[in-house]
Amino acid sequence: MNIPFFTDYLMLSNPLSIGIIAVFVLALIGIFVLQRKGTSFGNLVIIGTIVGAVLGVAIQVIAGFPDDPTKVVYIKESTKWFSLVGGGFIDLIRMLVIPIVFISIVHVILHMEAGANLKKLVVAMVSTNLGMVAVAAVVGLILGNAFGLGQGFDIVESGKKIREIKPMVDTFRALIPSNPIQAAAETNVIGIVVFAIILGSVARLLKQTGTNSMEMFTKLFDELHQLISWVADFIIGLMPYGVVALLASTLATRGLQAILDMGLFVVLLYVGILIMFVVQAILIASFGYNPITYFKKAKAPLLLAFTSRSSMGVLPLTVETLTKRLGVNATTANTVASFGTTAGMQGCAGVFPALVVVYISNVANIPFDMTMYIMSVIVIAIGSVGIAGVPGTATMAASVSLSGTGLGAYFTSISPILAIDPLIDMGRTCLNVSGSLTNALVVDKIMGTIDKEAYDNPNEGRV
């Protein structure tokens, strides 16, 4: 059917296109049925990954493993329809970033305990979080460059120029949003974080001084926080469907080589995560904690993080573990753990974007010298502020890092990485939560409010 209506508008000009899309729809229906029967979310994601991989490889087999799959009509048309689900899911995740960051930060500040030494707490928290993210970035950059991640991989879309690199002064100025509405519209996460901190801090000050009880304002953000959490749960629940589309599309348009190339990415990411676990153990040991005790008591939130892949979803258990098992002061636990779901995530905003920067740099044949190393670490550390702790937001961390290092024009080339997101997000989230736990231990030791007896207690610790 060589008619523009079918070839250009509907993009259903080949019988095989219709057949492939029909199989794709049946796969989504199958996942829906399993979801209604109560299949666990983790199993659904695994099933979605397997189905997407099988579908993508099957399309390649039908096409005879062509050199340029994008020139095959039914591959081009079917993957275009796949993008409605896969790309739509990514769009939903991005839609959630600004409101969840703004609401969660204001909500946390409003509910900080009275009398807390906020200045000392904030300084210790920010310096510890961003310092550890910088270490995670260095680990990712060294691993990526040592193994030549991305070398020999072609750019998805050519002809785009590298985005102009901004001076560091402009980068720091961009932290202050001259127009919060515009910052939200442009997905300027860091700007929104700054605005939320200022707004929440002033509202809390009004409450403390008795100038205004801020009862309605506090209630508003309590309800908004509950609402946005439910919205996040809904969007997270769509992950199995998005995985099918993303993985099938990548394998169909790139072939089995995508698995081999991204296989190195997966291996390097998990090696980086293991290295960071060792770094965390050394950090808390230097502050007088027994690392073995830590990992024993932190087992529950780490396992939940690995299976749920949501730092924010694990937050209640993270706080409970800190206060009841690790002897951390409630104010420190709530503040640091909550901050850790929106900033300073060592997995999603540390190791991962560092590997992405190296990958894109090699894909685009950009030399990775010492200047690039230093600039990447600074950009990644700063960009880690305000990355919301829900599945998919590591994409935002990668976007910020690529833009800050002048590689933003090649953002579309990370689509193979997004397709394997379920394989890497489990480890990233586990490292995120472990980072929040260890950072809280360090900050509470600096604050002098840690209950060391509760930490050393082999049982539950503080009741």
Side-chain angles (χ1 to χ4, degrees), residues 11-35 39 41-90 149-157 238-270 309 359 363 391-392 395 412-427:
M11 297 195 73
L12 292 173
S13 62
N14 191 294
L16 279 175
S17 301
I18 299 174
I20 293 171
I21 293 171
V23 172
F24 174 67
V25 172
L26 288 175
L28 297 184
I29 293 175
I31 291 178
F32 177 76
V33 172
L34 291 174
Q35 191 175 36
T39 304
F41 179 77
N43 288 336
L44 284 175
V45 173
I46 294 174
I47 292 171
T49 302
I50 295 173
V51 171
V54 171
L55 181 57
V57 172
I59 294 173
Q60 278 280 309
V61 171
I62 294 173
F65 299 98
D67 294 333
D68 189 356
T70 58
K71 292 184 178 180
V72 180
V73 174
Y74 54 84
I75 293 181
K76 178 181 178 181
E77 293 182 345
S78 59
T79 54
K80 185 67 174 179
W81 280 92
F82 291 173
S83 68
L84 178 63
V85 177
F89 172 72
I90 297 298
L149 182 63
Q151 290 181 358
F153 206 87
D154 296 328
I155 298 174
V156 178
E157 295 182 17
L238 300 177
M239 174 70 82
Y241 304 97
V243 165
V244 175
L246 289 169
L247 193 53
S249 180
T250 296
L251 294 180
T253 55
R254 293 183 175 274
L256 296 178
Q257 187 63 34
I259 298 179
L260 298 177
D261 290 324
M262 293 303 101
L264 177 60
F265 191 98
V266 173
V267 171
L268 292 181
L269 181 83
Y270 277 93
R309 306 197 326 279
Y359 172 81
V363 165
T395 303
T412 54
S413 295
I414 73 168
S415 57
I417 299 173
L418 297 181
I420 59 167
D421 192 77
L423 299 177
I424 59 181
D425 197 35
M426 295 182 291

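Everything numeric in this text was worked out from a predicted model, so none of it was measured. Side-chain atoms are counted along with the backbone in the values below, which use heavy atoms only and exclude waters and symmetry mates.
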Donor-acceptor pair, side chain of Tyr74 and main chain of Pro15, under 3.5 angstrom: no

Ignoring hydrogens, what is the shortest heavy-atom contact between Val51 and Ala27? Give both atom names and the distance. CG1-CB, 3.6 Å

Closest heavy-atom contact between Leu55 and Ala248? CD2-CB, 4.0 Å

Rounded to the nearest 0.5 Å, the OG1 atom of Thr49 sits from the CG atom of Leu44 at a distance of 10.5 Å

Between the CD1 atom in Ile21 and the CG atom in Leu16, the distance rounded to the nearest 0.5 Å is 11.0 Å

How are the rings of Phe24 and Phe82 set to each other: parallel, tilted or perpendicular (split at 30° and 60°)? tilted

Give the minimum heavy-atom separation between Ile424 and Val266, together with the two atoms involved. CG2-CG2, 3.8 Å

Regarding Tyr241 and Gln35, do their side chains bring together a donor and an acceptor under 3.5 Å, going by distance alone? yes

4.5 Å side-chain heavy-atom contact, Ile75 and Ile59: yes

How many angstroms lie between atom CG of Leu26 and atom CZ of Phe32, to the nearest 0.5 angstrom? 14.5 Å

With a 4.5 Å cut-off on side-chain heavy atoms, are Tyr270 and Met426 touching? yes

Supply the atom-to-atom distance Leu269 CG to Leu149 CG, rounded to the nearest 0.5 angstrom. 10.0 Å

Looking at every non-hydrogen atom in both residues, tell me the closest pair between Ala245 and Val85 and how far apart they are. CB-CB, 3.9 Å

Rounded to the nearest 0.5 angstrom, the CD1-CG distance for Ile31 and Leu238 is 11.0 Å

Would you name the heavy atoms of Ser78 and Ile20 that are closest together and state the gap between them? CB-CG2, 3.7 Å

Can you see which heavy atom on Ser17 is nearest to which on Glu77, and at what distance? OG-OE1, 2.7 Å

